[in-house]
Amino acid sequence: MNFELSEEQKMIQQSVERFVQDNYDLNTRISLSANDFGYSSDFWKSMAELGWLGLPFDESDGGFGGNQIDVLVIMEQFGKGLVLEPFLASVVMGGGALKKGASESLKNEILPGLIEGTKQLSFAYAEQQSRFDLEDVITSARKEGDGFILNGQKSMVQNAETADHIIVAARTSGGQIDEDGITLFLIDTNSEGLSMDNFPTVDGLRASEIILENVSVSEDRVIGNIDEGFEILQSVANDAILALSAEAVGAMEVLYKDTVEYTQQREQFDHPMSEFQVLQHRMVDMFMEYEQCKSMLYRATMESVQDPKAAQRTIHGLKHLIGKSGLFVGENAVQLHGGMGVTEELRVGHFFKRLLVIDSMFGNADHHLQKFTTY
Amino acid sequence: MDIELSSEDLAFTKEVRAFFEENEMAKGEDYFVWRNNWFAKAKEKGGWDVPKWPAKFGGPGWTPTQHYIWEQETAKANIPFDIPFGLGMLAPILMGYGNEEQQERFLPAIRERTVNWCQGYSESGAGSDLANLKTKAVLSEDGTYYTVNGSKMWTTLAHVADWIFCLTRTDDSGIKQKGITFLLFPMKQEGIEVKPIITLGGSHTVNTVHFTDVKVPVENRIGEEGKGWTYAKGLLEHERTGLAGLSKSLFELEKLKDQARTVTRGNGNLMDDSGYKAKIAELEIDLMATEYTELRSLASAAAGGKLGPESSILKLKGTEIKQRIQKLTVEASGIYSPAWGDKNIGLPFAKGGTAGYLNSRYFTIYGGASEVQKDVVAKKVLGLTKGSSK
Ligand SMILES: Cc1cc2nc3c(=O)[nH]c(=O)nc-3n(C[C@H](O)[C@H](O)[C@H](O)COP(=O)(O)OP(=O)(O)OC[C@H]3O[C@@H](n4cnc5c(N)ncnc54)[C@H](O)[C@@H]3O)c2cc1C
C-alpha cells in the first residue's frame with residue numbers, strides 16, 4: 001500500500017495547480033463562461049501542449065500511458081478553480097470510450113487530434129425518461145444496408161456544442177431497460193438529421209438536448225461490439241464518476257478553507273466569528289467530510305486501477321458520499337458566510353453550485369446508495 | 001384538548017373559500033386591476049385586507065383558529081402577492097410606538113398598498129450583530145431635522161421602494177444597543193444611491209443603499225431618539241414568527257409529490273421509489289409536528305399568556321423544512337436540475353426548483369441566522385449562561 005504520487009504525477013499536480021492559480025480567478029471564469037465557447041480555446045491549446053489531454057491514453061495511441069490516478073491528479077486541481085475546459089467530456093468520457101472500445105482505425109483517426117487539442121468529443125447517454133439509469137435507452141439504431149439509422153433524443157449532453165463527434169448510446173435490440181442490445185456509435189456533429197438545443201447550466205457550463213432524426217452512420221463507426229455497448233458505457237461512467245469526484249474534492253477543499261479564512265477575518269459581536277464554538281465545530285464537520293471524501297476517492301480510484309469490475313460497489317459508495325458531503329460542505333460554506341455566501345460576488349456560491357451539479361451527474365447520492373445495497 | 005373545529009370555524013372556512021372563489025382572477029384580467037379590486041372587496045368583508053392587524057386599526061380581530069384557517073386557505077388559493085415590509089413589519093411598529101399623527105400619515109397608504117417600503121437595518125459590519133450599525137444621523141442645531149450618512153446592505157427591494165424604515169446611530173458613546181434611532185424617509189431623493197447585489201439564483205432583489213447628507217425631518221422619527229433598538233426588536237420578533245411559513249410548506253409539499261409523480265422511474269414514477277418516498281415521509285412528519293407547535297403557541301398567546309418557549313423553535317424548524325422541500329425538488333429534477341437560462345429544458349419544474357433551492361439557502365440567514373437563533377433559545381429558554389451573541 002502506497003499513497004505517494006510518482007515523481008511525474010507530482011510534477012503534473014504542481015503544474016496544474018499553478019495553471020489554476022494563475023488563470024482561474026473568479027472573474028476570469030465568469031467572463032470565459034460567457035464567451036462564445038463557454039471556455040478558453042487558448043487554455044485548451046495550452047493543456048494540449050502541456051500533454052494533459054494525452055495523459056490517460058496508451059503510448060501506442062500517442063498518449064502517455066496514464067490511468068485513473070493521473071486523471072484524479074488533474075481533476076482535483078481543476079476543481080479548485082472550477083475549470084471550464086471540456087477535459088471531462090472530451091478526454092475522460094469521449095476519449096475513454098474510444099480507448100476502451102474503438103477499432104484501431106477509428107482510434108488512429110480520432111485520438112491524435114484529440115490529444116493535440118484540435119478535435120473534441122462529446123458523449124450522449126442520458127434520455128428524457130432515463131433519469132440516472134444508464135441502461136434505460138430508447139433511442140434506436142436500425143440496421144440498413146451496411147450501416148444504421150438512428151432516431152431518438154439525448155439529454156443533458158456536455159460539450160456537444162463544440163464537439164466534432166458525439167458518441168451516442170442507442171438501442172439495437174432488446175427492451176427499454178435491458179443492458180443487452182445497447183450499441184455505441186461515433187457520429188459527426190454536422191451529420192444530417194442531428195439537431196441540438198444548447199443552453200447554459202447553473203454552474204456556468206453548457207449542455208445540449210440532442211435530437212436524432214434518421215441520422216445514418218456506417219458500421220465502421222460502431223465502438224465496441226454491436227449490442228454490447230453497455231459494458232463500455234458503464235466503464236466510461238465509472239471513470240467519469242472518479243474524475244468528477246476528484247473535482248468535487250478539490251472544490252470542497254476550497255470551500256472549507258475559504259470558510260475558515262472568512263470566519264477569521266469577519267467580526268461580529270466584537271469577536272472574530274471563528275471564535276464561536278458552533279462555527280468551529282461546523283467547520284470541523286466540513287473538514288471531516290472533505291477528508292472522508294478524499295479517502296473514498298483514493299480507495300475507489302486505486303481499486304479501479306487494480307480491478308475495475310471489483311471496484312463497482314466502491315464507486316457507488318464514492319458517488320453517494322460525494323453527493324451528500326459535497327452539498328453539506330457547500331450549504332454550510334454558504335451558511336457560515338452569511339449574506340455574502342449567497343451573492344455571486346464571492347466564489348463560495350459558485351463552488352456550491354458546481355457541487356450541486358456534480359450530484360446530478362451520473363446518478364445522485366440516493367441513486368448510488370440504492371445501487372450500493374444491491375451488491 | 002379537542003381537535004374538532006367549532007361550527008363557527010367551519011362556517012368561517014366556507015366563507016373564506018367562497019370569497020377566494022368569487023374573486024379569482026378572470027382570464028385575461030389585468031393583474032393590478034384585479035389586485036386592487038381584491039383588496040377593496042377584502043376590506044369590505046371587515047379587514048380581510050389586513051388580516052394580522054388588530055381590530056383597533058381596522059383588522060378583522062380574528063381568533064387564533066381563524067388566523068390558522070386563513071393561513072391554510074391562502075396557501076392553497078391564488079391571491080394577490082404582498083410584500084411584507086410595510087404591512088407586516090413597519091405597521092406593527094407604527095401601531096406600537098408611532099404617534100397618532102404618524103399612524104394617520106403612514107398606515108392608510110400601507111393598507112392601500114400604494115407605498116412600497118424597504119427595511120434598512122443591516123450593514124456590511126452589522127449582520128447578526130445588528131446593534132453594531134454605523135449609519136449616522138445627526139440632529140440639526142435647531143432640532144428640526146436629521147442628516148443621515150452611511151450605507152445599508154442587503155436592503156430587499158430598495159430599488160423599487162418609495163420609503164425606507166431605517167435604523168441609524170445618533171450616539172456612539174455608550175453600549176451599542178443605546179443610541180440607535182428609528183427614522184422613516186423617502187427613497188427617491190437626492191443623496192440616496194441604490195446598487196444591486198446579485199444573488200445565487202441570478203436574481204436582483206437585494207441592494208446596497210448609500211446615504212449622503214440625506215435630510216430627515218424629526219417628525220419622521222419613531223418614538224424617542226436613541227430608543228430605536230427597543231422598537232426594532234419588537235419588530236424582529238414579528239418578522240421571525242412570520243418566517244416559518246408552514247401552511248405554504250404544506251401546500252408546497254403536496255405540489256412536490258405531484259411533481260415527483262410526473263418523473264418516470266423504470267415502470268413507475270419517483271413516488272414509487274422507496275428512498276425518495278422515505279425522505280418525503282420524514283419531511284411530512286416533521287411538518288405535521290411543527291404545525292402543532294405553531295398551534296400550541298398560537299393558543300397560549302390567545303389565552304393571554306406570553307408566547308410559550310415552543311414558539312422560539314418555529315423559525316428554525318419552519319425554514320429548515322422549506323429548505324428540505326426545495327432540496328427534494330432538485331432531487332426530483334434528476335439529470336435536469338442543472339438546466340439554466342431562458343429555455344425550459346426537460347422537466348417543467350426543474351429550473352424553478354434549482355433557483356428555489358439556491359434561494360432557500362437564505363432562509364436560515366436572514367431574519368436571525370439559525371446559529372444565532374439557537375443561541376437565543378439556549379439563553380432565553382433553557383437558561384444557559386452567556387452564549388456568543390448578545
Ligand atoms: C436575501 C437576503 C435579504 C435580506 N433582506 C434584508 C432587508 O431587507 N433588510 C435588512 O436590513 N437586512 C436584510 N438582510 C440581511 C440579513 O438580515 C443578514 O444577512 C443577517 O442578519 C445575517 O447577517 P450577515 O449576513 O452579516 O451574516 P453574519 O452575521 O456575518 O453571519 C455569518 C454566519 O456566522 C454566524 N454567526 C454570527 N454570529 C454568531 C454567533 N454569535 N454565534 C454563532 N454563530 C454566529 C451566523 O449564524 C452565520 O452563519 C437580507 C439578507 C439576505 C441574505
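Letters A, B, ... mirror the listed sequences (proteins, then strands); counts begin at 1.
Counting non-hydrogen atoms of neighbouring residues, nucleotides and ligands closer than 6.0 angstrom, the CG atom of B:L157 exceeds 12 such neighbours. Within 6.0 Å of the CG atom in A:N35, the count of heavy atoms belonging to other residues, nucleotides or ligands exceeds 12.
Between chain B and the residues A:D366, A:V357, A:V334, the largest count of heavy-atom pairs under 4.5 Å involves A:D366. In terms of heavy-atom pairs under 4.5 Å with chain B, the best-connected choice from A:R266, A:H337, A:Q176 is A:R266. When each of B:V206, B:N132, B:L270 is checked for heavy-atom pairs under 4.5 Å with chain A, B:L270 comes out on top. Of the listed residues (B:S128, B:G201, B:A126), the one with the most heavy-atom contacts under 4.5 Å to chain A is B:S128.
There is no contact between B:K351 and chain A, counting heavy-atom distances below 4.5 Å. Contacts of B:K374 with chain A are absent, with no heavy-atom separation under 4.5 Å from either backbone or side chain. Only the side chain of B:V330 comes within less than 4.5 Å of a heavy atom of chain A; its backbone N, CA, C and O stay farther away. For chain B, the nearby part of A:F352 is the side chain; its heavy atoms alone come within less than 4.5 Å. For chain A, no part of B:Q323 is nearby; none of its heavy atoms comes within less than 4.5 Å. A:M273 does not touch chain B: none of its heavy atoms, backbone or side chain, sits under 4.5 Å away. Using a 4.5 Å cut-off between heavy atoms, A:Q153 touches chain B through its side chain atoms alone. In this structure, chain B has no heavy atom under 4.5 Å from any part of A:D203. Heavy-atom distances place the side chain of B:L358, and not its backbone, under 4.5 Å from chain A. With a 4.5 angstrom heavy-atom cutoff, A:R282 touches chain B only via side-chain atoms. Contact of A:L279 with chain B is made through the side chain alone, with heavy-atom distances under 4.5 Å. In this structure, chain B has no heavy atom under 4.5 Å from any part of A:L205. Looking at A:Q128, the atoms closer than 4.5 Å to chain B (heavy atoms on both sides) sit in the backbone and in the side chain alike. For B:T364, the parts sitting under 4.5 Å from any heavy atom of chain A are the backbone and the side chain alike. Neither the backbone nor the side chain of B:A350 comes within less than 4.5 Å of any heavy atom in chain A. There is no contact between A:N332 and chain B, counting heavy-atom distances below 4.5 Å.
Put simply, CD1 on B:I198 and OG1 on A:T343 are 10.0 Å apart, with the number rounded to the nearest 0.5 Å. Note that the CG atom of A:D197 and the CD1 atom of B:I345 stand 4.5 Å from one another [nearest 0.5 Å]. Distance check, rounded to the nearest 0.5 Å: NE2 of A:H367 to CZ of B:R265 gives 7.0 Å. Remark: B:D342 CG to A:F199 CZ distance equals 12.5 Å, nearest 0.5 Å. To the nearest 0.5 angstrom, B:I335 atom CD1 is 9.0 Å from A:R131 atom CZ. Rounding to the nearest 0.5 angstrom, the gap separating the NZ atom in A:K353 from the OH atom in B:Y357 is 12.0 Å.
Checked for salt-bridge contact, A:E209 and B:K343 miss the test: no charged N lies under 4.0 Å from a carboxylate O.
Judged purely by distance below 3.5 Å, without hydrogens or angles, the side chains of B:D273 and A:Q370 pair a donor atom with an acceptor atom.
Between the A:T201 side chain and the B:P338 main chain, no donor and acceptor come within less than 3.5 Å of each other.
Nearest approach of A:G349 to B:L200, heavy atoms of both residues: CA-CD2, 3.5 Å.
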- Item | Trace of the side chain to side chain contact (heavy atoms under 4.5 Å, CB included) decision for B:D129 with A:E267 | CA-CA 9 Å; B:D129 184 10; A:E267 286 192 8; over 6 Å; no
